[in-house]
**Q** 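Input: one structure, supplied below.
Proteins get letters first, then strands, A, B, ... in listed order; numbering begins at 1 in each.
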Amino acid sequence: MHSIGNLEISPNEIDLTHTLTPGQSFRWKQDARGRWVGVVHGRVLRIWREGNKIRFEAFPGDPDESLIRDYFRLDVNLAALYSQFAQVDPRMSGVIQRFKGLRVLRQEPEETLLSYICSAANSVKRISSSVEILSKKYGELIAEVENEEYYSFPTAATLAAVDSECMKGICSLGFRCANLNSIARQLSDRPGWLNSLRGMSYEDARKGLLELRGVGKKIADCVLLFSLDKDQAFPVDTHIRQIATRYYLPEFEQKSLTSAVYEQIVGHFQEKFGEYAGWAQEYLFYEDLLSREERSH
DNA sequence: ACGAATCCTGGGCA
DNA sequence: ATGCCCAGGATTC
């Protein structure tokens, strides 16, 4: 009999919608009943909230609470973070109120890096669609859930062996395919290297990632924050840049996002928010994302 | 060090 | 219909 897992945790400590809406991961979808379905560690995971409980299932197999705790970083206490953020930045109180329960995920490093290579000058909607095509084409079938087949994200070894011109015609990633193939080759040449960055300092891990051709600061910082346990990593994209110049660093308004400006923005927020600056980044990110959506409707 | 052009592609908009 | 601009970047000159 297929079983369902239970985890008692308040909505203040985790809000699935805020956490799984695209921005960190590109693989989660909501089904007709509002349950979130995604692929994590080679399993299909279905998860939703009922009152004060999180409920979850795995396909195939049994629900694994330790996997949920690990993936959603339930060891991190949001209430403590909130009081710290609000203390150093009064404006954060309102932002936190809006996005209470948003968490940074702990994703698989290889998948995270390869996905973010696809994100260069691309929109979330198209990244998600390309990632799905790649998985279907080069990944492995995991399970069929409610008449839908789910595939694992392809391994670096697999993508390394795919001709990038050939890939181009399939996934509509264009020039990013050559990068994807190149990074995949670099990773499969050094098995275990990427995961080993988890054990290194933020500075060293960042340096390591930036040595990969095709990985700049933005992508490096995303991979550090979303998969390599570097909570101070602070990716600066156009959303963050907007927020930064609007509320915190008006003097950068006219400046283009050069390498130096990028580092100054990162430095400002790391100094302000401290070792969990990356978590604050997600809140600021969503603030701008939603305000843009409101404006365009 | 900075700014600009280039890399695919689909959607929005004049 | 057609052309231009841009989208959660990185590299090169």
**Q** Can you tell me how far P in C:dT2 sits from the matching atom in B:dC7, rounded to whole Å?
**A** 23 Å

**Q** Name all stems that contain residues of DNA chain C, defined as runs of 3 or more consecutive Watson-Crick or G-U wobble pairs, both distances under 3.5 Å.
**A** B:3-7 with C:9-13, B:9-14 with C:2-7

**Q** With a 4.0 Å heavy-atom cut-off, tell me which residues in residues 256-270 of chain A come close to DNA chain B, sorted by residue number.
**A** A:Ser256, A:Thr258, A:Ala260

**Q** Whole angstrom is fine here: how far is it from CZ in A:Arg241 over to P in C:dG9?
**A** 12 Å

**Q** Are the aromatic ring centres of A:Tyr248 and A:Phe269 under 6.0 angstrom apart?
**A** yes

**Q** Just how far, in rounded Å, is C1' of C:dA7 from CG of A:Asp237?
**A** 12 Å

**Q** Taking salt bridge (charged side-chain N to carboxylate O under 4.0 Å, His left out) as the cut-off, I'd like each qualifying pair that reaches into residues 183-198 of chain A, sequence neighbours left out, listed once.
**A** A:Arg198-A:Asp229

**Q** Can you list the steps and then say if A:Ser10 with A:Asn12 is a side-chain hydrogen bond (donor to acceptor under 3.5 Å, both in side chains)?
**A** CA-CA 5 Å; A:Ser10 95; A:Asn12 286 348; 4.6 Å; no

**Q** With rounding to whole Å, what would you report as the distance between B:dA5 and C:dC5 at their C1' atoms?
**A** 15 Å

**Q** Which part of the nucleic acid, if any, lies within reach of A:Arg213 when heavy atoms closer than 4.0 Å are counted: base, sugar-phosphate only, or nothing?
**A** sugar-phosphate

**Q** Would you kindly give the CZ-to-P distance between A:Arg176 and C:dT11, to the nearest whole Å?
**A** 14 Å

**Q** Closest approach to the side chain of A:Lys168, judged atom by atom: which nucleotide of C:dG8, B:dC8, C:dA10 is it?
**A** B:dC8

**Q** Decide whether A:Thr158 and A:Thr155 meet the rule of one side-chain donor and one side-chain acceptor closer than 3.5 Å.
**A** yes

**Q** Nearest whole angstrom, please: distance from the P of B:dT6 to the CG of A:Asn179.
**A** 18 Å

**Q** Measure the distance from CG on A:Asn181 to P on B:dC7 and round it to the nearest whole Å.
**A** 19 Å

**Q** Determine, for A:Phe56 and A:Arg46, whether the Lys NZ or Arg CZ falls below 6.0 Å from the six-membered ring centre while staying within 45 degrees of the axis.
**A** no

**Q** Output yes if the stacking criterion (under 5.5 Å between centres, under 30° between planes) is met for A:Phe175 over the base of B:dC8, else no.
**A** no

**Q** Answer with yes or no whether the side chains of A:Arg98 and A:Tyr286 bring together a donor and an acceptor at under 3.5 Å.
**A** no

**Q** Passes side chain to side chain contact (heavy atoms under 4.5 Å, CB included), A:Lys100 versus A:Asp15? Steps please.
**A** CA-CA 7 Å; A:Lys100 214 166 15 183; A:Asp15 181 307; over 6 Å; no

**Q** Could you state the atom-to-atom distance from CZ of A:Phe285 to P of C:dA7 in whole Å?
**A** 13 Å

**Q** Measure from the side-chain heavy atoms of A:Ser172 and tell me the nearest of B:dT9, C:dA10, C:dG8.
**A** B:dT9

**Q** Keeping A:Glu13 on the side-chain end and A:Leu78 on the backbone end, is there a donor-acceptor pair under 3.5 Å?
**A** yes

**Q** Can you check the distance between B:dC8 and C:dT12, where both ends of the measurement are the P atom (answer in whole Å)?
**A** 15 Å

**Q** For atom P, what is the distance between C:dT11 and B:dG10, given to the nearest Å?
**A** 25 Å

**Q** Quick one: does A:Glu8's side chain have a donor or acceptor within less than 3.5 Å of a partner on A:Lys53's backbone?
**A** no

**Q** If you measure from the Lys or Arg side-chain nitrogens to the Asp or Glu carboxylate oxygens, is any gap between A:Arg35 and A:Glu146 under 4.0 Å?
**A** yes

**Q** Distance check, P atoms only: C:dC4 and B:dT6, in whole angstrom units.
**A** 14 Å

**Q** Let's see if you get this right: which residues in residues 119-131 of chain A place a heavy atom under 4.0 Å from DNA chain B?
**A** A:Arg126

**Q** Which residue pairs pass the ring-ring contact (aromatic ring centres under 6.0 Å, His included) test when at least one of the two sits in residues 12-50 of chain A, sequence neighbours left out?
**A** A:His18-A:Phe99, A:Phe26-A:Tyr116

**Q** For the pair made of CE in A:Met167 and C1' in B:dT9, what is the distance, rounded to whole Å?
**A** 16 Å

**Q** Find the distance A:Leu173:CG to C:dG9:C1' and express it as a whole number of Å.
**A** 14 Å

**Q** Which pairs would a plain distance check flag for residues 131-141 of chain A, meaning a side-chain donor or acceptor within less than 3.5 Å of a matching protein atom at least two apart in sequence or in another chain?
**A**
unit_1, atom_1, unit_2, atom_2, d
A:Ser135, OG, A:Arg27, NH2, 3.4
A:Ser135, OG, A:Val131, O, 2.9

**Q** Charged N to carboxylate O under 4.0 angstrom, A:Glu211 versus A:Lys207?
**A** no

**Q** C1' atom, B:dA1 versus C:dC13: distance in rounded Å?
**A** 14 Å

